[in-house]
Amino acid sequence: MKATAIAPANIALIKYWGRKDAKLRLPANPSISMNLSACITTTTVEFSSDFENDVVTEGFDNRRILDHIDRIRNMAGKKESVHIVTNNSFPTSAGIASSASGFAALTVAAATALNLQLSEKELSALARLGSGSASRSIPDGFVKWEGEYAHSLYPPDWWDLLDIIVILATKAKKISSSVGHDRAGSSPFFLKRLEALPERIARLETALKTKNFPMLGQVIEEDCLDMHHVMQTQNPPLYYWNEETKEVIKTIRGLPACFTIDAGSNVHVICEAKNEENVIRKLRKYQLIVNKPALGAHII
Ligand code: PMV
């Protein structure tokens, strides 16, 4: 009863911020993301009656990981203890959320080890219960998450986009995104954001469909700034940017690239692959992780 899965982190082009149901991690709004080829979690899960205890060798939140294992063990009607070994292809201290790739890999490995025959939809909905954005790391390529689960809009080779992550953060986040989601409704701009989203999502889907980069860039930046506006005006306010974040945003002005930022100070610079050299030349002084669109979680 052993399986190993890999899963990518993902970058939200339309962000998930706020929840309809905190316990079930049901999002307040649909979100759209791209899986990241260079930010991968590999997880091996083994269940055995020979094991005395559950053991997690490395994890950002072992209680949350074992709660998720309990969920999957209950589904399978099994009681065996588990050993979990996890590795990230990216530095865990780099401020790149490992919860999406981590819970996606954990879900696929554990469900396979326990011989649960789950569809992609079921795996996505199950991963969501561990971490909301993990639901988007199950399907391939460009992914939309609405309600209980996420599905693929396009495979990875649909569009040669790159996400060049400019690594700025070194310290762990002070406030987790879980706590942040729960306070989103305290921002006077939260409902305005929800009202604006259907039209914005439609524009992003058109940009993806027609591979219109200027249109894509405009929507991505608009949604990132809108989410951070909500974050900064909620109670207590969440400020994830620092001076270097702003410096990077200024540096890419005038380039065929756009930016987006999650719950951290790292800047994700998105561009078309044909402009990679041009963009990287300007970002030479920073530590970078260059990502292509990637497959979703799968067994290896
Ligand atoms: O899945 P969580 O709870 O870590 O939330 C992720 C929230 C953002 O990264 C800020 C936005 C997103 O959609 O990924």
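In listed order, ligands and their atoms are each counted from 1. Note that this is a predicted model, so its numbers are computed, not measured.
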| message | Quick check on contacts: which atoms of ligand 1 are under 4.0 angstrom from a heavy atom of K15? | response | 13 (O)

| request: Using a 4.0 Å heavy-atom threshold (strictly under), name the region of H181 that reaches ligand 1: side chain, backbone, both or neither. | output: side chain

| When only distance counts, is S177 in polar contact with ligand 1, meaning an N/O pair under 3.5 Å? | yes

| query | Are the charged groups of R64 and D67 less than 4.0 angstrom apart, N to O? | reply | no

| said: Taking the six-membered ring for Trp, are F259 and H268 closer than 6.0 Å centroid to centroid? | reply: no

| Is ligand 1 under 4.0 Å from a heavy atom in the side chain of S133, in the backbone, in both, or in neither? | both

| query | Between S33 and K144, do the side chains contain an N or O donor and an N or O acceptor separated by less than 3.5 Å? | reply | no

| Is it true that W145 and Y16 have ring centroids separated by less than 6.0 Å? | yes

| query | How about R284: does its CZ atom have over 12 heavy atoms from other parts shown lying under 6.0 Å from it? | reply | no

| request: Identify, by atom number and element, the atoms of ligand 1 in contact range of A263, meaning under 4.0 Å from any of its heavy atoms. | output: 10 (C)

| said: Run the side-chain hydrogen bond (donor to acceptor under 3.5 Å, both in side chains) test on T245 and S265 for me, step by step, so that the C-alpha distance in whole Å, both residues' side-chain angles and the decisive distance to 0.1 Å come before the verdict. | reply: CA-CA 6 Å; T245 313; S265 60; 4.6 Å; no

| field | Backbone or side-chain N or O of Y16 under 3.5 Å from ligand 1 N or O | value | yes

| task | Check whether any heavy atom of R136 sits under 4.0 Å from an atom of ligand 1. | result | yes

| message | Only heavy atoms of A12, strictly under 4.0 Å: list the atoms of ligand 1 that pass. | response | 12 (C), 13 (O), 14 (O)

| query | Should R193 and D226 count as an ion pair when the cut-off is N to O under 4.0 Å? | reply | yes

| query | What atoms in ligand 1 come closer than 4.0 Å to a heavy atom of D262? | reply | 9 (O), 11 (C)

| Which ligand 1 atoms are under 4.0 Å away from a heavy-atom of S131? | 1 (O)

